[in-house]
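Both backbone and side-chain heavy atoms feed into the values below; hydrogens, waters and symmetry mates do not. Note that this is a predicted model, so its numbers are computed, not measured. Here is the naming used below: chain letters follow the sequence lines, and residue numbers restart at 1 for every chain.
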Protein chains: 2
Amino acid sequence: MARTGRPREFDREQTLERALELFWSRGYGATSIQDLVDALAVERGSLYGAFGDKRRFYLEAVRLYWEVYERHLIAALDTSPLLPALREILTHPVRLDELVSDVGVPQGCLVGNTTAELVPQDGEATEIVTRSYRRFTGIVADALRRAQAAKEVTDGARPEAQAQMLLYLVQGLSLVSRAGLDRTAALAAVDAAVDGLRA
Amino acid sequence: MARTGRPREFDREQTLERALELFWSRGYGATSIQDLVDALAVERGSLYGAFGDKRRFYLEAVRLYWEVYERHLIAALDTSPLLPALREILTHPVRLDELVSDVGVPQGCLVGNTTAELVPQDGEATEIVTRSYRRFTGIVADALRRAQAAKEVTDGARPEAQAQMLLYLVQGLSLVSRAGLDRTAALAAVDAAVDGLRA
DNA sequence: CGACTTCTTGAACGGCCAGTCAAGAAGTCG
DNA sequence: CGACTTCTTGACTGGCCGTTCAAGAAGTCG
């Protein structure tokens with residue numbers, strides 16, 4: 001059965017991506033529907049029709065953000081030796097800053113920002129965020145397990161603990177970077193952590 | 001010259017502390033003046049008279065938060081061996097969670113929360129936050145320098161880099177903890193990082 | 001006491017916000 | 001074409017928000 005009725009005039013996926021950028025750079029509370037209407041060139045009613053209310057819109061953007069990041073993460077860590085790739089992943093916020101340092105800068109990690117702003121008051125946000133963190137540590141721990149077996153990474157700690165440590169590190173880096181990034185210091189800090197993992 | 005006029009009926013310092021807790025647990029945006037009026041039992045006009053507008057009120061609370069934390073940090077790290085004390089500092093968010101896990105839970109680090117919510121849109125907030133981070137790394141780097149000299153900590157990285165790494169770690173832990181804390185995993189992660197510093 | 005200052009109280013204000021809705025437009029289907 | 005469905009547009013609504021302010025209360029000072 002084909003879809004009847006007037007067809008949507010904007011690209012839903014593309015609009016979601018642009019909304020994601022706006023939410024990313026300004027945060028949930030500081031982004032008004034009016035801001036979205038202006039930036040996306042889609043009228044209020046259409047946004048409500050396509051995405052539900054503001055909260056659902058935002059949560060869908062966060063889910064998309066994580067999906068993209070997770071794909072990137074899995075692809076990047078499927079390699080040996082692991083540590084250079086890990087360093088690459090961990091310094092991602094630094095490179096983000098280099099790329100977009102002029103206007104409408106998306107800053108930090110959207111999952112982290114959501115943690116700060118919506119959790120724990122919002123149950124659904126908490127679920128998304130918790131799940132994202134669990135996936136990150138799962139993927140990283142798997143990679144570390146392989147690297148421990150290959151004697152590249154120290155087995156002085158369990159891979160899960162090391163992965164959790166790296167989650168904290170990258171979230172901390174993302175967050176602190178919002179306030180201004182000293183690239184040299186950031187890279188040195190990541191190196192210090194990665195060196196601590198070396199067998 | 002003594003102060004004339006009707007005396008203030010509430011304790012400014014104590015009120016600021018209670019406001020700090022409210023801001024800490026709910027965030028800046030989600031805490032309305034009405035919330036403060038209700039929780040502090042001080043009328044709107046009096047709050048405005050004593051603290052200026054909401055933003056100034058909040059920023060003063062953040063400053064107070066950091067002052068207290070910094071005193072605590074300096075005192076805790078003035079010891080040898082350093083690593084156990086460092087572990088204590090880094091796991092502070094975990095113990096915070098244990099203490100107040102029932103109601104009105106302050107969550108994460110107020111400086112970190114401010115970074116996520118107000119930075120970089122607010123210049124004054126950015127200053128406070130940046131300064132706090134710089135002080136943290138300064139104090140921790142000094143301690144690490146001593147511990148490197150005492151052969152307790154590896155000199156495989158500069159103390160500044162190690163301190164920056166620890167800032168990221170503790171900020172990440174604070175943030176991620178908001179979404180629910182697995183104490184075992186958190187402690188293991190901190191241990192993994194601290195072990196990486198060992199000489 | 002009376003002048004002066006500061007604090008208290010709570011009503012009032014304008015603005016912005018998320019969300020709704022009615023009227024019309026643009027398609028599909030028979 | 002005419003019935004039907006979905007999308008578009010933008011005016012509108014009700015509510016909460018931060019902030020102000022006028023009137024009165026509670027002190028000090030001479």
Side-chain angles (χ1 to χ4, degrees), chain A residues 1-20 22-62 113-114 117-118 121-125, chain B residues 1-20 22-62 113-114 117-118 121-125:
Chain A
M1 176 78 165
R3 192 169 173 69
T4 95
R6 178 172 180 176
R8 184 175 284 132
E9 289 181 4
F10 59 95
D11 182 322
R12 191 182 187 279
E13 201 64 18
Q14 181 183 321
T15 301
L16 181 59
E17 284 168 19
R18 291 171 63 186
L20 161 52
L22 212 63
F23 280 132
W24 192 3
S25 63
R26 300 198 198 176
Y28 175 75
T31 307
S32 71
I33 300 287
Q34 191 56 50
D35 290 338
L36 291 164
V37 168
D38 295 344
L40 307 177
V42 175
E43 290 296 334
R44 314 167 78 74
S46 302
L47 287 183
Y48 276 89
F51 299 104
D53 61 18
K54 182 185 174 185
R55 195 174 142 275
R56 303 219 69 78
F57 198 6
Y58 179 77
L59 294 180
E60 187 169 347
V62 176
N113 298 353
T114 303
E117 193 170 0
L118 295 189
Q121 329 199 21
D122 183 317
E124 199 170 343
Chain B
M1 177 75 165
R3 192 171 172 69
T4 96
R6 179 173 178 174
R8 184 174 284 134
E9 287 182 4
F10 59 95
D11 182 321
R12 192 183 187 278
E13 200 63 18
Q14 180 184 321
T15 301
L16 181 59
E17 285 168 20
R18 290 171 64 186
L20 160 54
L22 213 65
F23 280 132
W24 192 2
S25 61
R26 300 200 198 174
Y28 175 74
T31 307
S32 71
I33 299 287
Q34 191 57 51
D35 289 339
L36 291 165
V37 168
D38 294 343
L40 307 177
V42 175
E43 289 299 333
R44 313 166 80 76
S46 301
L47 288 182
Y48 277 87
F51 299 103
D53 62 20
K54 184 186 175 185
R55 194 174 142 274
R56 302 220 69 78
F57 197 6
Y58 179 78
L59 293 180
E60 185 168 350
V62 176
N113 298 352
T114 303
E117 193 170 358
L118 295 188
Q121 331 199 18
D122 183 317
E124 199 171 343

Would you mind pulling out the nucleotide paired to [N], Watson-Crick or G-U wobble, both distances under 3.5 Å?
N      : answer
C:dT28 : D:dA3
C:dT20 : D:dA11
D:dC16 : C:dG15

Can you tell me how far the [atom1] atom of [X] sits from the [atom2] atom of [Y], to the nearest 0.5 Å?
X        : Y        : atom1 : atom2 : result
B:Leu16  : B:Glu60  : CG    : CD    : 5.0 Å
B:Leu118 : B:Tyr58  : CG    : OH    : 5.5 Å
B:Asp38  : B:Ser32  : CG    : OG    : 7.5 Å
B:Glu17  : B:Asp11  : CD    : CG    : 8.0 Å
B:Tyr28  : B:Asp122 : OH    : CG    : 7.5 Å

Specify the separation, in whole Å, of atom [atom1] of [X] and atom [atom2] of [N].
X       : N      : atom1 : atom2 : result
B:Leu47 : C:dT6  : CG    : P     : 19 Å
A:Tyr48 : C:dC17 : OH    : P     : 11 Å
B:Arg44 : D:dC17 : CZ    : P     : 9 Å

Next item on the list: Residues of residues 32-43 of chain A with any non-hydrogen atom less than 4.0 angstrom from an atom of DNA chain C: list those, numerically ordered, please.
Entry: A:Ser32, A:Ile33

Notebook entry, point to check: In a check of side chain to side chain donor-acceptor pair (under 3.5 Å) between B:Arg26 and each of B:Asn113, B:Thr31, B:Asp35, which one passes?
Noted result: B:Asp35

Notebook entry, point to check: So what does B:Gly45 hit on the nucleic acid, given a heavy-atom distance under 4.0 Å: a base, only sugar-phosphate, or nothing?
Noted result: base

Next item on the list: Check the angle between the aromatic planes of B:Phe51 and B:Phe57 and answer parallel, tilted or perpendicular using the 30° and 60° thresholds.
Entry: parallel

Note to self: Does a side-chain N or O of B:Ser46 approach OP1 or OP2 of C:dT8 to a distance below 4.0 Å, or not?
What the structure shows: yes

Note to self: Do B:Lys54 and B:Phe23 form a cation-pi contact, if we require the NZ or CZ to be under 6.0 Å from the six-membered ring centre and within 45 degrees of the ring's axis?
What the structure shows: no

Next item on the list: Strictly below 4.0 Å, heavy-atom distances to any atom of DNA chain D: list the hits from residues 53-60 of chain B, or just say none.
Entry: B:Asp53, B:Lys54

Next item on the list: Output the single nucleotide from D:dT8, C:dG27, C:dT8 whose closest atom is nearest the side chain of A:Arg8.
Entry: D:dT8

Item checked: Shortest side-chain distance from B:Arg6, nucleotide among D:dG27, D:dA25, C:dT28 -> D:dA25

Margin query: Quick check against the 3.5 Å criterion: does B:Arg12 have a side-chain atom that pairs as donor or acceptor with the backbone of B:Ala50?
Written below: yes

